[in-house]
Protein chains: 2
Amino acid sequence: MIRLSRLADYGVVLMTHIAGDAERPCAAHAVAAATRIPEPTVSKVLKALSRHGLLESHRGVNGGYTLARAPSEISVTEIIAAVDGPIAMTECLDADGGACSLETFCPTRGSWLKINNAIRQALDEISLADMIAPTLLFPPPAAPGERRRLIS
Amino acid sequence: MIRLSRLADYGVVLMTHIAGDAERPCAAHAVAAATRIPEPTVSKVLKALSRHGLLESHRGVNGGYTLARAPSEISVTEIIAAVDGPIAMTECLDADGGACSLETFCPTRGSWLKINNAIRQALDEISLADMIAPTLLFPPPAAPGERRRLIS
DNA sequence: GCGAATGAGGACCGCTACAGTCCTGTATGT
DNA sequence: ACATACAGGACTGTAGCGGTCCTCATTCGC
Ligand code: FES
Ligand code: FES
């Protein structure tokens, strides 16, 4: 029902991997090998991440990427936004100039803001550190055949 | 950063419209005219909604659609799910059979569940009634030039 | 009973946006 | 100098989405 682009997902996975690899710069191809994500794509995502100040890049031999901040200081929201760009949910007010013809008359707009705030808040509260850490908070792994719907 | 499909958005708008029109059946073309959404599309969305038991349809002359339940008993989640179908955010476990090769090894999976729960909960708490009602809870209308990002 | 209105349920199709690839610089360390 | 690795594009194929249309089933008014 709600879709997060795959690239954004990659972003999070890559960030967690780099976060787990201490301070040593991780080269793109190394991360690609570790995560099994095609290398050019990894490179692309990593570049986006670094362009938005979430990663620091080091060129040259033995170069690579390191986290720009502590894991606890990086929220999932930032990662997603860096990769996907700021795309609004409803596209009513997407770029500039109301694309939506109903604009002020539509009774749902105010409510969408409320919803978006709720979601953003939920996402903001989750830091990269939370992503690495305790899987213990969650129910035991699903049975093999079980099919988990992330969002109903 | 997170996208809700346009059809799903339409679904919510249409539902609120019908909810506002009391118990009299609303024909598809009437709703289309009122909402300025192209008629065939309205028809499509409405059909999906009724197929999932959120609307009741009445055929024949003076037929149309009415809410199947009270507005307060219909959550936004249901509407979106009815139109978009249950699509998970990360597609790691999208349909059946893990499409994601990392499956159990990926440290982020547990956390995604947490995130999804948070989002689902936020959405579940909002009923159709909430969508119609008080826009008063929210800050005053934005200044003309202001550009609101729904989700950063 | 007949015909108009209205929904049901598909088939169909163009297009955008996403995912993925590649190429040509530029910087850095050995 | 050279190998390594990032930077920043351009480019492309494709799936899914948004939108349209057509044919049947049902119900009501006349
Ligand atoms: S649908 Fe665009 S403002 Fe409501
Ligand atoms: S990326 Fe698929 S389970 Fe983590």
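Each chain gets a letter, A, B and so on, in the order the sequences are listed, and its residues count up from 1. Here the structure is a predicted model, which means the values were calculated and not measured.
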Using atom CD1 of A/Ile37 as one end and atom P of C/dC18 as the other, report the distance to the nearest whole Å.
-> 18 Å

Between A/Ser5 and C/dA19, does any side-chain N or O lie under 4.0 Å from OP1 or OP2?
-> yes

Base of C/dG7 paired with side chain of B/Lys47 (donor-acceptor, under 3.5 Å) | no

Closest to the B/Arg6 side chain, choosing from D/dG19, C/dG7, C/dT6 = D/dG19

According to a strict under-4.0 Å criterion, is B/Tyr65 in side-chain N/O contact with OP1 or OP2 of C/dA8?
-> yes

Expected output: side-chain A/Asp130 to main-chain A/Ser127 donor-acceptor under 3.5 Å | yes

Find the distance B/Glu39:CD to D/dG18:P and express it as a whole number of Å.
-> 19 Å

B/His52 has an atom NE2; how far is it from atom P of C/dA8, in whole Å?
-> 13 Å

Would you mind telling me which residue lines up with the more 5' stretch of DNA chain C, A/Gly60 or A/Thr41, judged by nearest nucleotide?
-> A/Thr41

Of all the nucleotides listed (C/dA19, D/dA7, C/dG29), which has the minimum atom distance to the side chain of A/Ser57?
-> D/dA7

Among B/Thr41, B/Ile79, B/Val42, whose side chain to side chain contact (heavy atoms under 4.5 Å, CB included) with B/Leu14 holds?
-> B/Val42

Taking only N and O in the side chain of B/Tyr10, is any of them less than 4.0 Å away from OP1 or OP2 of D/dG18?
-> no

B/Val83 vs B/Tyr10, side-chain contact (heavy atoms from CB on, under 4.5 Å): CA-CA, chis, key distance, verdict = CA-CA 9 Å; B/Val83 179; B/Tyr10 287 170; over 6 Å; no

Find which nucleotide of DNA chain D each of A/Ser50 and B/His58 is nearest to by heavy atoms, and output the residue with the more 5' nucleotide.
-> A/Ser50

Nearest of D/dA5, D/dT20, C/dC22 to any side-chain atom of B/Pro40?
-> D/dT20

Is any side-chain N or O of A/Arg59 under 3.5 Å from a base N or O of D/dT4, one able to act as donor and the other as acceptor?
-> no

Protein-nucleotide distance (B/Leu55, atom CG; C/dT6, atom P), rounded to Å = 17 Å

Should B/Arg69 and B/Glu78 count as an ion pair when the cut-off is N to O under 4.0 Å?
-> yes

C/dG7, D/dC6, C/dG29: which one has an atom nearest the side-chain heavy atoms of B/Ala27?
-> C/dG7

Considering only heavy side-chain atoms of B/Ala28, the closest of C/dG7, C/dA4, D/dT4 is C/dG7

Quick one: does B/Ser43's side chain have a donor or acceptor within less than 3.5 Å of a partner on B/Glu39's backbone?
-> no

